[in-house]
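Working notes for the structure below.
Values reported hereafter were calculated over all heavy atoms of this structure, with side chains retained and with hydrogens, waters and symmetry mates removed.
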Amino acid sequence: MQAYENLEIIVSDNYSQDNTEQVVKSAGDTRVRYYNTGQRLSMSHNWEFALEKATGDYITILGDDDGFVPNAIENIDKILSKTRSDALCWHQSRYFWPGNVVYLHELFIVLRNRAVPIDAYDNLCKVINHKKHYSTNPWLYSGFVHKSVIEKVKAQSKGTFFHSMIPDVYSGLAIGSQIENYIYSTGAFSIAGNSSHSNGMSCISSKEKDRESFNRFLSENPIPFHNSLELVASSIPLLVYESSLQLVDLGLIDPGKIGLDLKRTLSVCISEALQKEEAIKKREIDTLEKIAEKNNLPWNDIYNLALPMPANTTKFKYNFRQSLIGRKLSGDKIGISNIYEAALFHDRFKRKNFTVGYDLIRMLSELINGK
């Protein structure tokens with residue numbers, strides 16, 4: 001569904017034992033190039049393998065349960081051609097596949113559609129200090145980055161781009177440290193899929209049977225979590241801090257200038273953990289305490305800084321914000337069952353130019369019937 005011709009699609013098959021190669025080649029598209037890693041690689045090393053094969057001017061990474069919306073590449077090219085920016089990233093819509101381990105089968109469609117220039121260093125500081133989400137950085141997972149920037153990072157990183165076991169978070173921080181500005185789009189060019197095979201979904205489940213994908217991810221990963229920390233994979237602030245430390249060790253960022261503060265980070269992590277269900281909360285709090293001990297930080301002082309929010313506050317703020325930026329729809333009710341169907345529905349929905357005053361029931365009926 002991408003009409004743009006000057007496009008190279010690299011499929012990095014991480015030594016799968018199914019018919020992936022046959023499926024890819026059956027597409028019959030000359031823009032597609034298939035590679036097999038030849039052995040099972042970690043997530044970060046598979047991404048590194050794919051980067052080595054890419055020859056395009058701008059590069060992005062798409063997970064196998066994610067999808068671009070129709071003609072996204074053509075629209076992205078128009079923005080990059082006009083702005084001549086080294087990077088463009090965007091706010092993704094989200095699709096929760098049937099059978100995902102945490103959420104209902106739903107499609108969340110981002111309704112906004114505006115592109116704005118962002119100061120890279122300023123945003124990097126805000127992300128590292130937990131004032132903005134890491135996905136607002138110019139990362140590879142929902143963004144296109146000029147290959148020269150990727151090569152610049154590699155040149156300062158021992159010839160390898162990825163130096164963290166969490167490559168998506170790491171990519172945004174690494175790239176943000178090396179460019180002056182970039183374009184951020186509030187409109188979604190892709191849909192982030194969350195399936196039962198997603199590491200991010202698997203790690204936040206309290207049920208051990210649902211953590212199979214995450215446990216496999218850990219067992220395959222030769223890049224250790226930073227040695228001054230302990231892994232809490234479901235704690236986003238800690239993952240951001242870990243990637244930051246890896247970049248400090250490489251000399252890509254200055255910890256003093258950027259404002260790295262482990263004590264503040266741990267307090268933010270505790271605040272988030274206190275909002276989670278009991279089993280996950282205990283697991284995270286115990287590990288965070290170990291990190292404090294390892295770094296000779298006063299645990300009681302840190303814990304007291306992390307006062308829990310009122311029970312209904314987080315939910316209210318989340319729902320209010322989501323209602324402003326997008327629309328959440330039941331996958332079963334709108335008749336979709338995979339990322340491809342989600343992308344097509346997403347396109348039809350946006351084409352209807354939805355406004356608050358539109359008859360949503362009538363519009364959904366038209367969309368489900370293919371109009």
Centre of F49's six-membered ring, under 6.0 Å away, within 45 degrees of the axis: is that where NZ or CZ of K53 sits?
yes

Reference residue F225; test side-chain contact (heavy atoms from CB on, under 4.5 Å); the match among L218, L231, L245
L231

Hey, is CG on N6 packed in by over 12 heavy atoms from elsewhere, all under 6.0 Å?
no

Residue pair S12, N46: steps toward the side chain to side chain donor-acceptor pair (under 3.5 Å) verdict
CA-CA 7 Å; S12 181; N46 185 29; 2.6 Å; yes

Stepwise, does the side chain to side chain donor-acceptor pair (under 3.5 Å) test hold for S93 with H346?
CA-CA 9 Å; S93 292; H346 188 286; 2.7 Å; yes

Ignoring hydrogens and angles, tell me if any N or O in the side chain of E180 forms a donor-acceptor pair with the backbone of A120 under 3.5 Å.
no

Give, for atom NZ of K126 and atom CD1 of I118, the distance between the pair rounded to the nearest 0.5 Å.
8.0 Å

Looking only at heavy atoms, the pair that brings N137 and G172 closest together is CB-O, 3.6 Å

Apply salt bridge (Lys or Arg N to Asp or Glu O under 4.0 Å) to the pair R216 and E212, showing each step before the final yes or no.
CA-CA 6 Å; R216 184 183 187 187; E212 180 180 340; over 6 Å; no

What's the shortest heavy-atom distance between I285 and A273, and which atoms?
CD1-CB, 3.9 Å

Output yes when a side-chain donor or acceptor of Q2 lies under 3.5 Å from a complementary backbone atom of N71, and no otherwise.
yes

The reported gap from CD in Q178 to NZ in K152 (rounded to nearest 0.5 angstrom) is 5.0 Å

Pair I258, Y121 - check side chain to side chain contact (heavy atoms under 4.5 Å, CB included), show working.
CA-CA 9 Å; I258 212 76; Y121 184 78; 3.6 Å; yes

How many angstroms lie between CG in L247 and CD1 in I128, if you round to the nearest 0.5 Å?
7.5 Å

Go through the steps for I291 and L288 under the test side chain to side chain contact (heavy atoms under 4.5 Å, CB included), then give the verdict.
CA-CA 5 Å; I291 296 173; L288 294 170; 4.3 Å; yes

For K276 and E284, run salt bridge (Lys or Arg N to Asp or Glu O under 4.0 Å): C-alpha distance rounded to whole Å, both residues' side-chain angles, the deciding distance at 0.1 Å, then the answer.
CA-CA 10 Å; K276 299 176 182 178; E284 291 192 7; 2.8 Å; yes

Are the side chain of T265 and the backbone of Y241 linked by a donor-acceptor contact shorter than 3.5 Å?
no

Under 3.5 Å, is there a donor-acceptor pair between the side chain of T136 and the main chain of H133?
yes

I'd like to know whether E341 forms a side chain to side chain donor-acceptor pair (under 3.5 Å) with S337, so could you lay out the CA-CA distance, the side-chain angles of the two residues, the decisive distance to 0.1 Å, and finally the verdict.
CA-CA 7 Å; E341 293 171 353; S337 61; 3.0 Å; yes

Report yes or no: does N100 contribute a side-chain atom to a donor-acceptor pair with the main-chain N or O of W97 at less than 3.5 Å?
yes

Given the side-chain rings of F144 and Y58, with only the six-membered ring counted for Trp, is the space between their centroids under 6.0 Å?
no

From D57 CG over to E8 CD, what is the distance, rounded to the nearest 0.5 angstrom?
10.0 Å

Taking the side chain as every heavy atom from C-beta outward, state whether L305 and D301 have any pair of such atoms under 4.5 Å apart.
no

Step by step, would you call N36 with Y15 a side chain to side chain donor-acceptor pair (under 3.5 Å)?
CA-CA 6 Å; N36 192 299; Y15 202 57; over 6 Å; no

Any sub-3.5 Å donor-acceptor pair from D261's side-chain atoms to K263's backbone N or O?
yes

Is there a chain of hydrophobic side chains (I, L, V, M, F, W, Y, each step under 4.5 Å between heavy atoms) that links F162 to M165?
yes

Note: I59 and A54 closest approach over all heavy atoms is CD1-CB, 3.8 Å

In sequence, state the C-alpha distance, the side-chain angles, and the governing distance for I334 and F345, and then conclude on side chain to side chain contact (heavy atoms under 4.5 Å, CB included).
CA-CA 8 Å; I334 60 177; F345 184 91; 3.7 Å; yes

Is K25 salt-bridged to E21, going by a charged N under 4.0 Å from an acidic O?
yes

Is it true that I9 and V69 fall in one hydrophobic cluster, defined by side-chain heavy atoms closer than 4.5 Å?
no

With hydrophobic residues grouped by side-chain heavy-atom distances under 4.5 Å, do M43 and I61 end up in a single group?
yes

Just distance, no hydrogens or angles: give the donor-acceptor pairs under 3.5 Å from side chains in residues 189-197, sequence neighbours left out.
residue: S190; atom: OG; partner: W90; partner atom: NE1; Å: 2.8
residue: S190; atom: OG; partner: Q92; partner atom: NE2; Å: 3.2
residue: N194; atom: OD1; partner: R94; partner atom: NH2; Å: 3.4
residue: S195; atom: OG; partner: D65; partner atom: OD2; Å: 2.9
residue: S195; atom: OG; partner: H197; partner atom: N; Å: 3.2

More than 12 heavy atoms of other residues, nucleotides or ligands under 6.0 Å from CG of D64: is that the case?
no

Under 4.5 Å between side-chain heavy atoms, hopping through other hydrophobics if needed: is there a path connecting F161 to L250?
yes

Can you get from L41 to Y170 by hopping between Ile, Leu, Val, Met, Phe, Trp and Tyr side chains that sit under 4.5 Å apart?
no

Donor-acceptor under 3.5 Å (H163 side chain, S157 main chain)
yes

Give the minimum heavy-atom separation between A87 and I179, together with the two atoms involved.
CB-CD1, 4.0 Å

Testing L107, L344, L111 for side-chain contact (heavy atoms from CB on, under 4.5 Å) with F349, which one passes?
L111

Using only atom types and a distance under 3.5 Å, with no angle test, would you say the side chain of K132 pairs donor to acceptor with the backbone of L124?
no

Would you say the side chains of Y182 and N123 form a donor-acceptor pair under 3.5 Å?
yes

Side chain to side chain, V153 and L252, heavy atoms closer than 4.5 Å
yes

Check whether any side-chain N or O of R33 sits under 3.5 Å from a backbone N or O of V11 as a donor-acceptor pair, and report yes or no.
no

Would you say the ring centroid of W47 lies under 6.0 angstrom from that of Y141?
yes

Exercise: identify the closest heavy-atom pair between S164 and Q246:
CB-CG, 4.3 Å

What verdict does the side chain to side chain contact (heavy atoms under 4.5 Å, CB included) test give for V232 and C269, after you've listed the backbone C-alpha separation in whole Å, the side-chain angles of each residue and the deciding distance to 0.1 Å?
CA-CA 9 Å; V232 184; C269 293; over 6 Å; no

Flag, side chain of N338 to backbone of Y340, donor-acceptor distance under 3.5 Å
yes

Identified salt bridge (Lys or Arg N to Asp or Glu O under 4.0 Å) partner of E230 from the options R283, K290, K294
K294

Does the ring center of Y95 lie less than 6.0 Å from the ring center of H105?
yes

Ion pair K154/E52, N-O distance below 4.0 Å:
yes

To the closest 0.5 Å, what do you measure between CD1 (I280) and OG (S235)?
12.0 Å

For L140 against S171, the heavy-atom pair lying closest together:
N-OG, 3.2 Å

Rounding to 0.5 Å, atoms OG (S244) and CG (L262) come to a distance of 11.5 Å

